[in-house]
Amino acid sequence: MTEQAPAGDVAEGDGTDLLAVRRAKLDALRAAGIEPFPHDFDGVEPIEAVRERHAGLEDGAETEVSHRIAGRLRARRGQGKMAFLDLDDRSGRIQLQAKLDVLGPERMSRLLDDVDLGDLLGIDGVAFVSRRGELTLRIEDFTVLAKSLRPPPDKHHGLQDTELRQRRRELDLIGNEETRQAFVTRSRIVSEIRRYLDGEGFLEVETPVLQPLYGGALARPFVTHHNALDRDFYLRIATELYLKRLIVGGLERVYELGKNFRNEGISHKHNPEFTMLEWYEAYADVEDAANRLEACVQHVARAIGYEGETRWTEPWKRQTLAGAIEEATGIDVLAHRSSEELAAVIRDAADVDLDPAGRTWPQLVDDLLSKYVEPHLQQPTMLFDYPVELSPFAKAKRNPDGSETGLVERFEAFAHGMEIANAFSELNDPDEQRRRFEEQARLELAGDDEAQPYDESFIEALEQGMPPTGGLGLGIDRLVICMTGRRTIREVVLFPAMRD
RNA sequence: GCCCUGGUAGCUCAACUGGUUAGAGCAGCGGACUCUUAAUCCGAAGGUUGAGGGUUCGAGUCCCUCCCGGGGCACCA
């Protein structure tokens, strides 16, 4: 960071020390009896509302309507005895006109000499439309609301440097309209998801972030330490197990929308902390979860006025996982249920370039999915019927004749080549759940370092009796990527993880 | 963790094959201008080229180490 200029030596200068120049103007305002950091400014109207009020006026039209607005000074086009300025607030931008014959020499000089681009101003002005058709407020009075002591980003190019944009997001938000739009949209997406679920009788709940044992997903956790208890805790990797205990407790429809933490690599679709929605619905199954996901996302897309290429509001494509893999690679994974057998088929497949050495059977299926299927799923798609080995918390799918399929009732939803959601008919047979945990332990020994730890208190909860339940997890950051047309998770997380 | 690639003024970008004093625009400073909108015009400024070392008569440019981004691989959602 740049050093602050020493106080005092700022009254005169050649203008090369940008910070000193701004501090000198701060002093000049105070010397003129103007408080540069006042406490409030009442009765402010959003710029967007001013625009709506005067929509349709002709070029050159005058009004007698006065407005009070507030925002950041973005540009100034001086003309001696008259000047145009642009002011931004969250809702948009509007042009201001400052005239010597309206403001008088004293206030005109304050506005043009002591106010800088980037300062926060309150404006009282009368609306008119310029000769060239721009809605403008003629400034009757103005108030400095906060002096800006650092220069703003380039008024035309904004802030381009990706590192600066993420480390100093406030500058990105000031300088880049698209950034502000993306985060406003993110906020609306989250609130519309809540509105939908609340309207469907779900309760929003909060479960522990610090957990004595992590679980509910396949991932490595962060570890932290509680001093008074002198023991380690894990930051949650999922809310799944606690939420299901609430279903056991009779809350029937619950959701939690919050941060999860996974100690994995960082990429354009992975941030160490990320926002996840999970909901659980008693007396429902995977089909109900699928229909509800579709309804929920469709509600959101309509509510935010989504206008991109993705067909959220049409019925989503649904197919089986095995079918999608076979379509893409010609390999029928269900016909080769051991790692050795599947590895041999993968080696023989002409169009498949994967090294199956040392991979377990579920890992191989996952490899095929991630490399040959997932990247091509641009439009919303649900893949059903996952192998039981990949799904330790999902209920088995049965053939009509009652025979085993080796599959579970589960789907994952994809869009823009990314997984965005994961859902299943929740396993509620405690003995079967215990066997799945033991199978996870076996996989861990076989080389899967992210297998589930055994959670006895969760088993006990299932022994208490959990109703049949449909559960779903939705990656909020990824949904926001898709709905805002951004390329990476860093573009939709305000302060993504970075080195110090 | 590995591979590739980048870091030049407050911001956005130039600078050929290693060659004079590292250049523009915006912002800032001084001046002109009462309907401009990337306002315009005149003038004067503004740089430890990410940091450190090396090669060379000479380094923004080549080499090494480190720091911080971006892309890819691996791992994951």
Side-chain angles (χ1 to χ4, degrees), chain A residues 1-2 12-22 24-25 59-60 74-86 93-103 108 113 116-118 128-136 138 149-168 171 174-176 216-221 237-238 260-276 278 355 363 366-367 370-371 374 412-414 418-422 448-450 473-479 481 487-490 496 498-500:
Chain A
M1 285 301 102
T2 316
E12 296 296 325
D14 56 8
T16 58
D17 187 337
L18 301 179
L19 303 185
V21 168
R22 282 173 180 258
K25 293 181 181 179
D59 296 1
R74 198 51 211 276
R76 179 161 49 196
R77 297 174 288 281
Q79 268 186 50
K81 299 182 179 64
M82 187 273 286
F84 288 103
L85 305 89
D86 293 335
R93 179 174 302 179
I94 195 164
Q95 176 167 270
L96 311 172
Q97 186 191 43
K99 295 183 74 176
L100 179 63
D101 53 13
V102 175
L103 291 170
M108 192 71 175
D113 297 335
D116 285 303
L117 298 192
F128 72 100
V129 179
S130 74
R131 283 176 207 157
R132 302 214 183 165
E134 177 93 12
L135 180 65
T136 305
R138 182 170 295 121
L149 294 174
R150 291 181 181 277
D154 187 285
K155 69 178 178 183
H156 180 239
H157 299 95
L159 191 64
Q160 299 299 321
D161 183 82
T162 49
E163 183 174 355
L164 260 185
R165 286 182 50 220
Q166 289 160 24
R167 285 188 194 279
R168 303 212 48 213
L171 292 180
I174 289 170
N176 299 326
L218 307 175
R220 289 199 302 255
I237 60 173
N260 287 347
F261 307 85
R262 298 190 185 175
N263 208 338
E264 311 278 358
I266 295 174
S267 81
H268 68 106
K269 49 184 182 179
H270 299 91
N271 196 54
E273 57 180 291
F274 63 103
T275 304
M276 178 85 119
E278 289 192 37
D355 179 12
Q363 285 172 331
D366 206 42
D367 291 345
S370 338
K371 185 159 181 185
E374 185 171 353
E412 290 189 313
F414 299 83
M418 283 184 299
E419 181 189 344
I420 58 170
N422 179 24
D448 190 341
D449 61 354
E450 287 163 342
L474 174 63
I476 300 300
D477 311 279
R478 291 186 176 182
L479 183 66
I481 291 173
R487 299 188 132 236
T488 74
I489 196 167
R490 288 184 299 272
M498 299 189 84
R499 289 177 203 273
D500 268 336

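Order of the sequence lines fixes the chain letters, A, B, ..., with proteins taken first and strands second; residue numbering starts at 1 for each chain. Atom set for the values below is all heavy atoms of this structure, side chains included, hydrogens, waters and symmetry mates excluded. Values in this document were obtained by computation on a predicted structure and should not be read as measured data.
If you measure from atom CD of Gln160(A) to atom C1' of G25(B), you get 14 Å, rounded to the nearest angstrom. Here the C1' atom of nucleotide C68(B) and the CZ atom of Arg165(A) are 17 Å apart, to the nearest Å. Rounded to a whole Å, the CZ atom of Arg138(A) is 16 Å from the C1' atom of U37(B). In this structure, Asp59(A) places its CG atom 14 Å from C1' of U36(B), rounding to the nearest Å. Following rounding to the nearest Å, Ile266(A) (CD1) and G70(B) (P) show an atom-to-atom distance of 9 Å. In this structure, Lys269(A) places its NZ atom 9 Å from P of C73(B), rounding to the nearest Å. Distance His157(A) NE2 to G25(B) C1': 7 Å, rounded to the nearest Å.
Residue Leu18(A) is in base contact, counting any heavy-atom pair closer than 4.0 Å across all strands shown. Nucleic acid contact for Gly60(A): none, since no nucleic acid atom lies under 4.0 Å from a heavy atom of the residue. Among the protein residues, Phe128(A) comes within range of the nucleic acid bases, having at least one heavy atom under 4.0 Å from a base atom. In this structure, Asp161(A) reaches the sugar-phosphate backbone alone: every heavy-atom distance under 4.0 Å involves primed, P, OP1 or OP2 atoms, never a base. Among the atoms of the strands shown, only primed sugar atoms or phosphate atoms (P, OP1, OP2) are found under 4.0 Å from some heavy atom of Gln166(A). Nucleic acid contact class of Arg74(A) (heavy atoms, under 4.0 Å, all strands): none. When heavy atoms are screened at a 4.0 angstrom cut-off, Glu134(A) is found touching base atoms of the nucleic acid. Base engagement by Asn271(A) is indicated by at least one non-hydrogen atom pair under 4.0 Å involving a base atom. Residue contacts shown for Ser130(A) include a base, since a base heavy atom lies under 4.0 Å away. Note on Met498(A): only backbone sugar-phosphate atoms sit closer than 4.0 angstrom, heavy atoms only; bases stay farther off. Residue contacts for Gly475(A): at a heavy-atom cut-off of 4.0 Å it reaches no nucleic acid atom on any strand shown.
Look at U55(B): it lacks any Watson-Crick or wobble partner with both distances under 3.5 angstrom. G43(B): Watson-Crick or G-U partner is C29(B), with both key distances under 3.5 Å. The partner of C16(B) is absent, by the rule that a Watson-Crick or G-U pair needs both atom distances under 3.5 Å. In this structure, C35(B) makes no Watson-Crick or G-U wobble pair, since no nucleotide meets both defining distances under 3.5 angstrom. In a base pair of the Watson-Crick type (N1 to N3 plus N6-O4 or O6-N4) or a G-U wobble (N1-O2 and O6-N3), with each distance short of 3.5 Å, U49(B) is matched with no nucleotide.
Here CZ of Arg138(A) is found 9.5 Å from CE of Met82(A). Values are rounded to the nearest 0.5 Å. In this structure, CG in Leu474(A) is found 6.0 Å from CD1 in Ile420(A), a value given to the nearest 0.5 Å. How far CD1 of Ile481(A) is from CE of Met418(A): 4.5 Å, rounded to the nearest 0.5 Å. A distance of 6.5 Å separates OG1 in Thr488(A) from CD in Gln166(A), rounded to the nearest 0.5 Å. The CD atom of Gln95(A) sits 8.5 Å away from the CG atom of Leu85(A) when rounded to the nearest 0.5 Å.
Atom name C1', nucleotides A9(B) and G25(B): the rounded distance is 12 Å, in whole Å. When the C1' atom is used for both U21(B) and G1(B), the distance is 46 Å, rounded to whole Å. For U56(B) and U61(B), the P atoms lie 16 Å apart once the distance is rounded to whole Å. Across G70(B) and U34(B), the matching P atoms stand 49 Å from one another, rounded to whole Å. Distance check on atom P: A44(B) versus C35(B) gives 28 Å, rounded to whole Å. Nucleotides G6(B) and U49(B) are separated by 14 Å at their C1' atoms, to the nearest Å.
Residue Arg490(A) places at least one side-chain N or O closer than 4.0 Å to OP1 or OP2 of G70(B). Contact check, Arg499(A) against G69(B): a side-chain N or O comes under 4.0 Å of OP1 or OP2. Of the side-chain N and O atoms in Arg167(A), one or more sit less than 4.0 angstrom from OP1 or OP2 of G69(B). Taking 4.0 angstrom as the limit, Arg150(A) places none of its side-chain polar atoms (N or O) nearer than this to OP1 or OP2 of G10(B). For the OP1/OP2 pair of A27(B) and a distance below 4.0 Å, the side-chain nitrogens and oxygens of Lys155(A) include at least one atom meeting the criterion. Contact between the side-chain N/O atoms of Arg478(A) and the OP1/OP2 oxygens of A77(B) is not found at any separation under 4.0 Å. Arg168(A) has no side-chain polar atom (N or O) that falls below the 4.0 Å cut-off from OP1 or OP2 of C11(B). Contact between the side-chain N/O atoms of Gln79(A) and the OP1/OP2 oxygens of C35(B) is found at a separation under 4.0 Å. OP1 or OP2 of C29(B) lies within a sub-4.0 Å distance of a side-chain N or O belonging to Lys25(A). In this structure, Arg77(A) reaches the A39(B) phosphate: one of its side-chain N or O atoms is under 4.0 Å from OP1 or OP2.
In this structure, Arg131(A) and Arg76(A) both approach RNA chain B, and ranking their closest nucleotides by distance from the 5' end singles out Arg76(A). Comparing Ala75(A) and Pro151(A), the nucleotide of RNA chain B nearest to each residue sits closer to the 5' end for Pro151(A).
The side chain of Glu264(A) sits closest to C75(B) out of C26(B), G46(B), C75(B).
Looking at Lys155(A), Arg77(A), Arg76(A) one by one, the single match for salt bridge (Lys or Arg N to Asp or Glu O under 4.0 Å) with Asp86(A) turns out to be Arg77(A).
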Kindly determine whether Asp477(A) and Thr275(A) satisfy side-chain contact (heavy atoms from CB on, under 4.5 Å), including the steps that lead there. CA-CA 6 Å; Asp477(A) 311 279; Thr275(A) 304; 3.9 Å; yes
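At a cut-off of 3.5 angstrom, the base of G28(B) holds no donor-acceptor pair with the side chain of Asp17(A).
For the pair Glu419(A) and Glu412(A), the tightest heavy-atom approach, listed with the atom from each and the gap, is OE2-OE2, 2.8 Å.
Within the 4.5 Å cutoff, no side-chain heavy atoms of Arg132(A) are placed close to those of Asp59(A).
Remark: ring of Phe84(A) not stacked against base of A39(B); the cut-offs of centroid gap under 5.5 Å and plane tilt under 30° are not jointly satisfied.
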